[in-house]
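Let me begin by presenting the structure, written as structure tokens, before commenting on it.
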2 protein chains.
Amino acid sequence: MEDGTSRSLGYCVDTDADYDARQWDTREDCEVRQILDRIADKWSLLVIALLDRRSLRFTELRREVDGISQRMLARTLRHLERDGLVTRTVYPTVPPRVDYELTPLGATLHETIRALVSWTETHQNEIATARSAYDVRIADEQRQAEREAERRETMGRRVSASRG
Amino acid sequence: MEDGTSRSLGYCVDTDADYDARQWDTREDCEVRQILDRIADKWSLLVIALLDRRSLRFTELRREVDGISQRMLARTLRHLERDGLVTRTVYPTVPPRVDYELTPLGATLHETIRALVSWTETHQNEIATARSAYDVRIADEQRQAEREAERRETMGRRVSASRG
DNA sequence: CTGAATCCGCTACGATACTG
DNA sequence: CAGTATCGTAGCGGATTCAG
């Protein structure tokens with residue numbers, strides 16, 4: 001499971017450091033990529049962000065994370081727990097109560113996630129602008145291409161006519 | 001497409017700022033979540049990270065990003081281009097050559113991505129440890145539960161015997 | 001209330017073939 | 001070389017049901 005072999009620790013140091021020295025291992029089975037895929041998924045980010053403020057119960061999370069299914073929330077939480085990012089505390093009351101809380105490790109992760117979210121918030125307008133600009137450009141190019149095709153079509157007919 | 005309405009700019013400010021003032025909008029149709037889902041996906045992170053060092057051609061990227069299919073690379077690049085994160089430069093030579101390069105906006109994003117990758121590299125051992133600990137604990141609990149079930153089974157038989 | 005388990009549609013993805 | 005188009009499939013994820 002943990003395969004603490006020496007093959008790779010998830011990153012690699014460029015042996016010939018041409019320009020910037022360190023480049024991270026992009027291999028598919030690389031540990032870093034696996035962790036990244038896990039934490040950078042749709043729901044984990046949200047859950048971690050929400051748990052930063054205070055511990056939450058299962059249902060509270062379910063309510064706060066719009067659109068998540070029970071299944072995916074449970075799955076996400078189990079993954080986060082397994083990775084040591086959240087703790088799961090069961091109070092043997094009736095009805096049962098389960099609290100989820102960020103571990104110190106999870107808290108450090110939240111810092112960088114917050115940076116990512118901040119970036120998104122800061123630049124969402126730029127992105128929206130870029131998107132519409134792109135869409136307009138593509139639409140233009142398509143119209144252009146159609147005109148071009150039509151023109152070539154006409155030329156082709158003319159050539160055929162002169163040939164025939 | 002850009003719907004620059006006033007409904008939501010992707011974040012919201014808590015009207016009653018009980019504790020921490022700002023909480024980002026977790027609604028599913030929220031702009032921030034959409035952007036986040038887009039940039040925090042499996043391939044975008046890798047592509048942006050690779051393009052930080054220098055511009056790359058399509059095939060170079062394909063080679064460097066282990067495991068990506070032609071289809072997904074093309075799609076990812078188009079998304080990034082649309083979001084204004086990379087530029088696509090076509091050299092009308094033969095054979096054709098297309099260079100992809102990070103825009104200034106993309107470069108700023110790479111900063112926060114680098115932070116995320118760094119976090120992963122720094123803490124991957126902790127995560128690996130947490131994982132094996134979790135796996136062991138789960139296995140133990142399962143064995144425990146099995147013993148428990150067996151014990152109850154025996155008890156049940158004894159009760160049945162005394163009843164019968 | 002907090003899940004686990006089952007069923008299942010859907011689509012995202014990879015493989016392949018084709019175009020310019 | 002740099003893609004698009006088409007197709008088949010595995011697995012994601014939602015709805016539902018059951019259990020503790």
Side-chain angles (χ1 to χ4, degrees), chain A residues 28-29 33-34 37-38 40-47 51 55-82 86-101 138 141-142 144-146 148-149 152-153 156, chain B residues 28 33-34 37-38 40-44 46-47 51 55-82 86-101 134 138 141-142 144-146 148-149 151-153 156:
Chain A
E28 198 157 17
D29 61 346
R33 277 205 26 197
Q34 286 175 9
D37 288 350
R38 173 63 48 83
D41 86 301
K42 183 169 179 158
W43 302 120
S44 299
L45 287 177
L46 284 168
V47 169
L51 284 178
S55 72
L56 291 173
R57 304 181 54 174
F58 187 86
T59 311
E60 290 177 317
L61 278 168
R62 186 152 163 53
R63 228 190 338 268
E64 293 227 48
V65 182
D66 179 46
I68 196 171
S69 68
Q70 201 177 32
R71 176 199 168 97
M72 290 317 291
L73 179 55
R75 174 192 280 262
T76 301
L77 285 170
R78 252 180 295 122
H79 285 160
L80 294 178
E81 186 195 2
R82 178 167 183 265
V86 309
T87 57
R88 178 173 178 275
T89 313
V90 182
Y91 298 100
T93 61
V94 46
R97 172 201 179 92
V98 180
D99 273 17
Y100 292 93
E101 190 172 11
I138 294 299
E141 282 174 10
Q142 222 151 54
Q144 185 71 24
E146 275 162 25
E148 193 71 16
R152 256 197 305 258
E153 175 80 9
Chain B
E28 198 158 17
R33 280 214 10 208
Q34 286 175 10
D37 288 351
R38 172 64 47 86
D41 86 301
K42 183 169 180 159
W43 302 120
S44 299
L46 284 167
V47 169
L51 284 178
S55 71
L56 291 173
R57 304 179 56 170
F58 188 86
T59 311
E60 290 176 320
L61 278 168
R62 186 151 163 54
R63 227 191 339 266
E64 294 228 45
V65 181
D66 179 45
I68 197 170
S69 66
Q70 202 175 29
R71 176 200 169 99
M72 289 316 291
L73 179 56
R75 175 190 279 262
T76 300
L77 286 170
R78 253 182 296 122
H79 286 159
L80 294 178
E81 185 194 4
R82 181 165 117 96
V86 308
T87 57
R88 177 172 179 276
T89 313
V90 183
Y91 298 99
T93 60
V94 45
R97 172 200 179 93
V98 180
D99 273 16
Y100 292 94
E101 190 171 9
Y134 178 89
I138 294 299
E141 282 174 11
Q142 225 151 53
Q144 185 72 23
E146 275 163 25
E148 193 71 17
R151 197 169 63 81
R152 259 198 303 260
E153 174 81 8

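Please read all numbers here as calculations on a predicted model, not as lab measurements. In what follows, every chain begins at residue 1, and chains take the letters A, B, ... in the order their sequences are listed.
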From [atom1] of [X] over to [atom2] of [N], roughly how many Å is that when rounded to an integer?
X: K42(A); N: dG11(D); atom1: NZ; atom2: C1'; answer: 16 Å
X: M72(B); N: dA2(D); atom1: CE; atom2: P; answer: 19 Å
X: L73(A); N: dC1(C); atom1: CG; atom2: P; answer: 14 Å
X: I138(A); N: dT4(D); atom1: CD1; atom2: C1'; answer: 14 Å
X: I68(A); N: dG3(C); atom1: CD1; atom2: C1'; answer: 14 Å
X: R57(B); N: dC1(D); atom1: CZ; atom2: P; answer: 7 Å
X: R62(A); N: dA15(D); atom1: CZ; atom2: C1'; answer: 10 Å
X: W43(B); N: dC13(C); atom1: CH2; atom2: C1'; answer: 10 Å

Give the nucleotide from the list dT4(D), dG3(C), dG14(D) with an atom nearest to the side chain of V98(A).
dG3(C)
Remember a base hit wins even if backbone is also touched, and classify Y100(B) as base, sugar-phosphate or nothing at under 4.0 Å, heavy atoms.
sugar-phosphate
For R62(A), give me all partners under side-chain contact (heavy atoms from CB on, under 4.5 Å), at least two apart in sequence or on another chain.
F58(A), Q70(A), L73(A)
Which residues share a side-chain contact (heavy atoms from CB on, under 4.5 Å) with V90(B), sequence neighbours left out
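side-chain contact (heavy atoms from CB on, under 4.5 Å) list for V90(B), sorted by chain: R88(B), V98(B).
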Heavy-atom protein contacts under 4.0 Å, nucleotides 15-20 of chain C, coded B base, S sugar-phosphate only, - none
--B--B
Between S44(A) and A40(A) (side chain of the first, backbone of the second, donor and acceptor by atom type, cut-off under 3.5 Å), is there such a pair?
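It does not hold such a pair.
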Within the distance-only criterion (no hydrogens, no angle test), does the side chain of D66(B) pair as donor or acceptor with the backbone N or O of E28(A) below 3.5 angstrom?
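Answer holds: yes.
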Are side-chain heavy atoms of Y100(A) and E60(A) found at a separation under 4.5 Å?
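No, every pair of side-chain atoms sits at 4.5 Å or beyond.
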Phosphate OP1/OP2 of dG3(D) contacted by R88(B) side-chain N/O (<4.0 Å):
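Looking at the OP1 and OP2 atoms of dG3(D), one of them is under 4.0 Å from a side-chain N or O of R88(B).
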If the cut-off is 4.0 Å, is T93(B) near the phosphate of dC1(D), judged by side-chain N/O to OP1 or OP2?
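For T93(B), the contact criterion (side-chain N or O under 4.0 Å from OP1 or OP2 of dC1(D)) is not met.
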Where do L61(A) and L51(A) land on the side chain to side chain contact (heavy atoms under 4.5 Å, CB included) test, with the steps shown first?
CA-CA 8 Å; L61(A) 278 168; L51(A) 284 178; 4.3 Å; yes
Could you give me the CA-CA distance, side-chain angles and deciding distance for R33(B) and L46(A), then say whether side chain to side chain contact (heavy atoms under 4.5 Å, CB included) is met?
CA-CA 9 Å; R33(B) 280 214 10 208; L46(A) 284 168; 3.4 Å; yes
Heavy-atom nearest nucleotide on DNA chain C for R75(A) versus E28(A): which residue maps closer to 5'?
R75(A)
